[in-house]
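Okay, structure first, notes after.
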Number of protein chains: 2
Amino acid sequence: MATQTAAQRREAAKAAYDAFLACCPARQLLDTISDKWVTLILAALSDGPKRYSELSRIIAGVSQKMLTQSLRTLERDGLVSRTVTPRVPVRVDYELTTLGRGLQEIMGTMKRWAERNIEEVHAARAAYDTRENSPAGRAAAG
Amino acid sequence: MATQTAAQRREAAKAAYDAFLACCPARQLLDTISDKWVTLILAALSDGPKRYSELSRIIAGVSQKMLTQSLRTLERDGLVSRTVTPRVPVRVDYELTTLGRGLQEIMGTMKRWAERNIEEVHAARAAYDTRENSPAGRAAAG
DNA sequence: CGGGATCCATCGTGATACTG
DNA sequence: CAGTATCACGATGGATCCCG
């Protein structure tokens with residue numbers, strides 16, 4: 001029972017870590033906002049309620065599967081409210097909740113930081129990519 | 001040329017949107033920090049430099065492929081610095097850069113917001129899941 | 001108009017094995 | 001010890017069909 005102990009320990013550690021992460025509010029938030037469409041929906045709703053078809057048009061590249069799926073997630077998390085008007089053609093409006101607007105502010109904070117520092121990141125990338133091509137000086141640079 | 005115009009328009013719109021998103025600093029930031037391992041590495045490095053094996057042990061559940069891959073991304077983006085000491089057993093240290101520490105602060109902001117509001121999200125989810133099971137009152141609730 | 005269900009392509013992710 | 005290359009799998013996203 002000594003041969004695969006390493007793998008088993010790793011597996012156990014992974015399980016413990018996953019459990020830890022699952023409980024971490026920050027990770028849950030990240031999992032939510034890291035979704036490409038969620039962020040776009042939030043942004044689209046920032047200037048008032050929108051209908052399903054409006055969102056579909058504004059966000060453009062989204063498939064209705066992802067749009068519906070993302071909206072349901074947002075609704076479930078209490079970030080947007082869903083209002084159904086059972087007319088002849090059904091009408092559904094989506095709107096940011098107070099919680100959703102709070103999340104928007106966080107996104108705004110992130111956005112500002114990103115805009116202030118993106119150039120530095122790009123510069124770092126360019127430098128890194130340049131070094132990558134130079135024949136010597138990578139390992140011996142330190 | 002009228003049959004598949006809709007699909008083509010959608011495709012074009014998608015392409016335009018993708019291009020727009022690719023230029024958006026906020027999205028680039030999100031793409032970076034939404035990575036599960038990247039955030040963990042950042043957190044692990046927050047209290048000083050660490051060696052590769054140390055990181056591997058601290059983060060536990062990570063495979064060395066993902067660890068290396070994430071570290072390279074972070075290095076390329078100028079968020080962590082990589083120092084090689086060419087001894088007999090090679091020694092490599094990773095450390096947060098100034099830019100990396102700045103990112104950490106953003107993560108801290110997010111973390112605090114998440115911790116303050118996660119309960120509300122959980123409550124919303126519970127309420128949503130309860131409604132889901134009730135026989136009537138979903139569509140007619142509004 | 002809004003959206004549920006299904007099938008399918010893609011890709012990120014991880015385990016394994018090998019190098020220096 | 002640190003890192004790369006290969007292979008396999010599962011999750012995710014998208015197109016399509018169909019219903020209320």
Side-chain angles (χ1 to χ4, degrees), chain A residues 3-4 6-11 13-15 17-18 21 31-32 34-41 49-57 59-76 80 82-94 132 138-140 142, chain B residues 3-4 6-11 13-15 17-18 21 31-32 34-38 40-41 49-57 59-76 80 82-94 132 136 138-140 142:
Chain A
T3 36
Q4 59 173 347
Q8 286 188 337
R9 269 190 310 194
R10 181 173 291 265
E11 192 177 354
K14 178 186 170 64
Y17 234 78
D18 284 353
L21 286 176
D31 284 343
T32 298
S34 66
D35 189 286
K36 180 183 175 182
W37 303 119
V38 161
T39 52
L40 291 173
I41 291 171
K50 294 278 185 299
R51 296 183 58 175
Y52 182 90
S53 51
E54 286 182 287
L55 288 173
S56 180
R57 203 172 336 110
I59 304 186
V62 70
S63 62
Q64 44 62 281
K65 173 189 175 180
M66 292 316 296
L67 182 56
T68 300
Q69 185 175 300
S70 301
L71 283 170
R72 289 221 312 160
T73 301
L74 287 169
E75 186 198 357
R76 193 172 103 102
V80 306
R82 178 173 176 274
T83 309
V84 181
T85 309
R87 294 184 181 175
V88 184
V90 189
R91 177 194 173 114
V92 182
D93 286 87
Y94 292 93
E132 185 178 83
R138 180 83 201 286
Chain B
T3 37
Q4 58 174 348
Q8 287 188 337
R9 269 190 309 193
R10 182 172 291 266
E11 193 176 353
K14 178 186 170 63
Y17 234 78
D18 284 352
L21 286 176
D31 284 342
T32 297
S34 65
D35 189 286
K36 180 182 175 183
W37 304 119
V38 161
L40 291 174
I41 291 171
K50 294 277 186 300
R51 298 183 57 175
Y52 182 90
S53 51
E54 286 182 286
L55 288 172
S56 180
R57 203 174 335 111
I59 303 183
V62 70
S63 63
Q64 38 50 304
K65 173 189 174 179
M66 291 317 294
L67 181 56
T68 299
Q69 185 175 301
S70 302
L71 282 170
R72 289 220 311 160
T73 301
L74 287 169
E75 186 197 357
R76 193 173 105 99
V80 305
R82 178 174 176 273
T83 309
V84 181
T85 309
R87 295 185 181 174
V88 185
V90 188
R91 177 192 174 115
V92 182
D93 286 86
Y94 292 93
E132 184 179 84
R138 179 84 201 286

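Numbered from 1 within each chain, the chains take letters A, B, ... in sequence-line order. Computed from a predicted model, the values in this text were never measured in an experiment.
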Quiz item: Is A:Ser53 near enough to C:dG2 that one of its side-chain N or O atoms lies under 4.0 angstrom from OP1 or OP2?
Solution: yes

Self-check item: Whole-Å gap separating C1' (D:dG3) and CZ (B:Arg91)
Solution: 17 Å

Practice problem: Starting from P on C:dC1, measure out to CG on A:Leu67 and report it in whole angstrom. | Solution: 14 Å

Practice problem: Please state whether the phosphate of C:dG4, meaning OP1 or OP2, lies under 4.0 angstrom from any side-chain nitrogen or oxygen of A:Tyr52. | Solution: no

Practice problem: Going by the side chain to side chain contact (heavy atoms under 4.5 Å, CB included) test, name the single residue among B:Asp31, B:Leu74, B:Val80, B:Leu71 that passes it with B:Val38. | Solution: B:Leu74

Quiz prompt | Among D:dG3, C:dG14, D:dT16, the nucleotide that comes nearest once only the side chain of A:Gln64 is considered | solution = D:dT16

Practice problem: May I ask you to say what A:Arg87 touches in the nucleic acid, namely base, sugar-phosphate or nothing, with a heavy-atom cut-off under 4.0 Å? | Solution: nothing

Self-check item: Per B:Arg72 side chain, nearest of listed nucleotides D:dT4, C:dC1, C:dG2
Solution: D:dT4

Practice problem: For D:dT12, take OP1 and OP2 only and decide whether either is under 4.0 Å from a side-chain N or O of A:Trp37. | Solution: no

Quiz prompt | Between C:dC11 (C1') and B:Asp31 (CG): distance, integer Å | solution = 14 Å

Self-check item: Euclidean distance, atom NZ of residue B:Lys50 to atom P of D:dC1 [Å, nearest integer]
Solution: 17 Å

Self-check item: Residue A:Ser63, side-chain heavy atoms: nucleotide from C:dT13, D:dG3, D:dG14 that is nearest
Solution: D:dG14

Practice problem: Grab the CG-P distance between B:Leu71 and D:dC1 for me, whole Å please. | Solution: 16 Å

Quiz prompt | Whichever of B:Asp35 and A:Arg51 has its nearest DNA chain C nucleotide further upstream toward 5' | solution = A:Arg51

Quiz prompt | Proximal nucleotide (of C:dG3, D:dG20, D:dA15) relative to the A:Lys65 side chain | solution = D:dA15

Quiz item: Are B:Val62 and B:Leu40 close enough, and set up right, to give a side chain to side chain contact (heavy atoms under 4.5 Å, CB included), and what steps lead you there?
Solution: CA-CA 10 Å; B:Val62 70; B:Leu40 291 174; over 6 Å; no

Quiz prompt | Donor/acceptor link under 3.5 angstrom from B:Gln69 side chain onto base of C:dT13 | solution = no

Quiz item: Do any N or O atoms from the side chain of A:Ser56 and from the backbone of A:Tyr52 form a donor-acceptor pair under 3.5 angstrom?
Solution: no

Quiz item: How many Å lie between CG on B:Leu55 and P on D:dC1, as a whole number?
Solution: 14 Å

Quiz item: Rounded to the Å, how far apart are A:Tyr94 OH and C:dG2 C1'?
Solution: 7 Å

Exercise. Check whether any side-chain N or O of A:Glu54 sits under 3.5 Å from a backbone N or O of A:Arg51 as a donor-acceptor pair, and report yes or no.
Key: yes

Self-check item: Whole-Å gap separating C1' (C:dG2) and CD1 (A:Ile41)
Solution: 14 Å

Exercise. Please report the closest heavy-atom contact between A:Thr39 and A:Lys36, naming both atoms and the distance.
Key: OG1-O, 2.7 Å

